[in-house]
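For ligands, and for the atoms within them, numbers begin at 1 and follow the listed sequence.
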Amino acid sequence: MDYQSRMREKAAALRQKDTVRILAVESSCDETAMAVVENGRVMRSNAIASQIDVHALYGGVVPEIASRMHVEALDPLLDQALAQANMTIDEIDAVAVTCGPGLVGALLTGVSWAKAFAYARDLPLIAVNHIEGHVSANYIASPDLEPPFVSLVASGGHSHIVLVKRYGEYETLGATRDDAAGEAFDKVARVLEIPYPGGPLLDKLAEEGDDQAYHFPHVKTPGKYDFSFSGLKTAVINQAHHIRQQGGEINAADFAASFRRAVVDALTEKAVAAAVDTGADKLAIAGGVAANSLLRREIARRGAAAGLKVFIPPKGLCTDNAVMIGAAAYYDLLRHEPAELTLNAMPSIRMF
Ligand code: KG4
Ligand code: ZN
């Protein structure tokens with residue numbers, strides 16, 4: 001029997017198995033990560049090799065360097081992921097990998113590694129959409145969470161509000177028309193001379209600032225659940241240049257706090273409205289921007305005030321990791337045939 005036919009049989013057998021352990025691989029941007037996840041819900045290990053220190057020298061992610069560092073990190077991460085899980089390689093039932101969206105060279109390193117692993121170990125291969133992975137981090141953080149629910153997904157490249165109708169079944173309710181929220185954080189951080197990665201450091205600085213000190217325009221809201229951050233970003237950057245040209249000084253903490261307030265208010269307002277309007281009554285957050293301290297507080301406060309049950313994963317599961325990929329992969333395995341060995345990286349794969 002050829003590999004693909006064998007894998008279909010193996011996948012069918014796994015769907016009947018009590019405990020399914022998936023080794024998950026993530027390499028879409030600047031973190032290489034591997035994890036073992038049990039039944040889509042239990043994190044057995046979470047190994048991450050961050051490249052932040054290297055990219056910080058250049059003020060942002062250098063794709064070629066990212067790819068090379070992923071290649072070096074992948075093999076050692078397997079040992080770490082198994083050791084943390086206290087498991088042997090023989091206990092792995094399937095391998096999952098992020099196939100997109102992301103940097104093509106970076107994605108290819110993980111995809112090639114996972115394909116080789118699947119073939120060598122004679123295991124099913126599961127291809128995971130990175131954004132679906134972000135949403136699925138909530139399954140690990142909240143073992144009781146079941147669809148339907150609404151999720152805000154805000155990362156470096158995406159800002160979406162999605163309705164998770166069933167496992168693996170999504171409806172996009174709204175999205176940004178231009179910049180992603182994380183991208184806006186990173187660009188404003190640069191103007192404040194906050195080093196890469198801008199988002200988390202700007203967040204920290206904003207905790208010390210007065211969010212009413214500067215007045216920025218409201219985030220434009222082109223559709224009911226859509227966002228547009230580019231107008232705000234440009235206004236903020238122009239105001240910084242203007243103050244400096246006049247010889248004035250910017251209070252960086254106040255500036256960061258005022259900007260963060262504008263972004264978070266827009267995200268929170270729309271996400272809460274979507275969860276209320278759809279009747280889902282459950283609101284989850286996901287993606288790197290979900291690590292933002294103010295967003296977490298505001299979603300909790302305003303979500304509860306609107307009668308919603310709110311799900312906020314720990315910060316480490318909001319930013320890129322492989323645990324979320326393993327969670328999404330399990331539900332993919334239950335519903336679909338495994339991926340083929342011809343799997344390619346899909347850098348611009350659509351949201352869902
Ligand atoms: O999900 P993620 O780790 O990678 C992508 O898939 O893009 O998101 C990274 C983005 C970056 O733009 C980063 O600045 C932003 O998330 N981010 C934050 C925070 N932590 C990460 N933005 C605001 N506040 C934070 N605490
Ligand atoms: Zn991500």
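- Between G198 and ligand 1, no N or O atom pair is found at a separation short of 3.5 Å.
- Within the 4.5 Å cutoff, side-chain heavy atoms of D320 are placed close to those of S28.
- Ligand 1 is approached by H134 to a heavy-atom distance shorter than 4.0 Å.
- Closest to atom 22 (N) of ligand 1 among all protein heavy atoms lies G199 CA, 3.6 Å.
- Inclusion of F185 in the set of residues having an N or O under 3.5 Å from an N or O of ligand 1 is not warranted.
- Between the Zn ion (ligand 2) and H134 there is an N/O/S contact shorter than 2.8 Å.
- Residues Y139 and Y331 bring their aromatic ring centres within 6.0 Å.
- Within a 6.0 Å radius of CG in D122, more than 12 heavy atoms belonging to other residues, nucleotides or ligands are found.
- Within D320, OD1 is the N, O or S atom that lies nearest to the Zn ion (ligand 2).
- Between D211 and R260, none of the side-chain N atoms (NZ, or NE/NH1/NH2) sits under 4.0 Å from a carboxylate O, so this pair counts as no salt bridge.
- The G182 neighbourhood of ligand 1 comprises atoms 12 (O), with distances under 4.0 Å to a heavy atom of that residue.
- Note on ring orientation: taking the six-membered ring where Trp is involved, the planes of F259 and F185 are perpendicular (angle over 60°, cut-offs 30° and 60°).
- Using a 4.0 Å cut-off between a side-chain N of Lys or Arg and a carboxylate O of Asp or Glu, E207 and K204 do not qualify as a salt bridge.
- Interface of H130 with ligand 1, defined as ligand atoms under 4.0 Å from a residue heavy atom, comprises 6 (O).
- Checked by distance only, ligand 1 and G156 come closer than 3.5 Å through their nitrogen or oxygen atoms.
- By the 3.5 Å distance cut-off applied to N or O atoms, T319 is not counted among the residues near ligand 1.
- At a 4.0 Å heavy-atom cut-off, ligand 1 touches D203 through the side chain alone.
- Between H134 and H130, the two ring planes are perpendicular [angle over 60°; tilted spans 30° to 60°].
- Ligand-side atoms of ligand 1 in range of G157: 7 (O), range being under 4.0 angstrom from any heavy atom.
- Electrostatic pairing of D186 and K233 does not count as a salt bridge here, judged by no charged N lying under 4.0 Å from a carboxylate O.
- For CZ of R41, the number of neighbouring non-hydrogen atoms (other residues, nucleotides, ligands) closer than 6.0 Å is greater than 12.
- Of all protein heavy atoms, the one lying nearest to atom 17 (N) of ligand 1 is G288 O, 3.6 Å.
- Ionic pairing of D226 and K270 is not present here: no N-O contact between side-chain nitrogen and carboxylate oxygen is shorter than 4.0 angstrom.
- Of all the N, O or S atoms in H130, the one closest to the Zn ion (ligand 2) is NE2.
- There is no side-chain donor-acceptor pair under 3.5 Å between T19 and E38.
- Scanning the protein for heavy atoms near atom 12 (O) of ligand 1, the closest one is D186 OD2, 2.7 Å.
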Step by step, work out the salt bridge (charged side-chain N to carboxylate O under 4.0 Å, His left out) result for E64 and R68. CA-CA 6 Å; E64 178 63 21; R68 286 165 191 262; 2.8 Å; yes

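- Protein heavy atom closest to atom 23 (C) of ligand 1, with residue, atom name and distance, is N292 ND2, 3.4 Å.
- In terms of protein heavy-atom proximity, atom 2 (P) of ligand 1 is nearest to D320 OD1, 3.3 Å.
- In terms of polar-atom proximity, defined here as any N/O pair under 3.5 Å, S293 makes no such contact with ligand 1.
- Residue side and main chain included, C29 places no N/O/S atom under 2.8 Å of the Zn ion (ligand 2).
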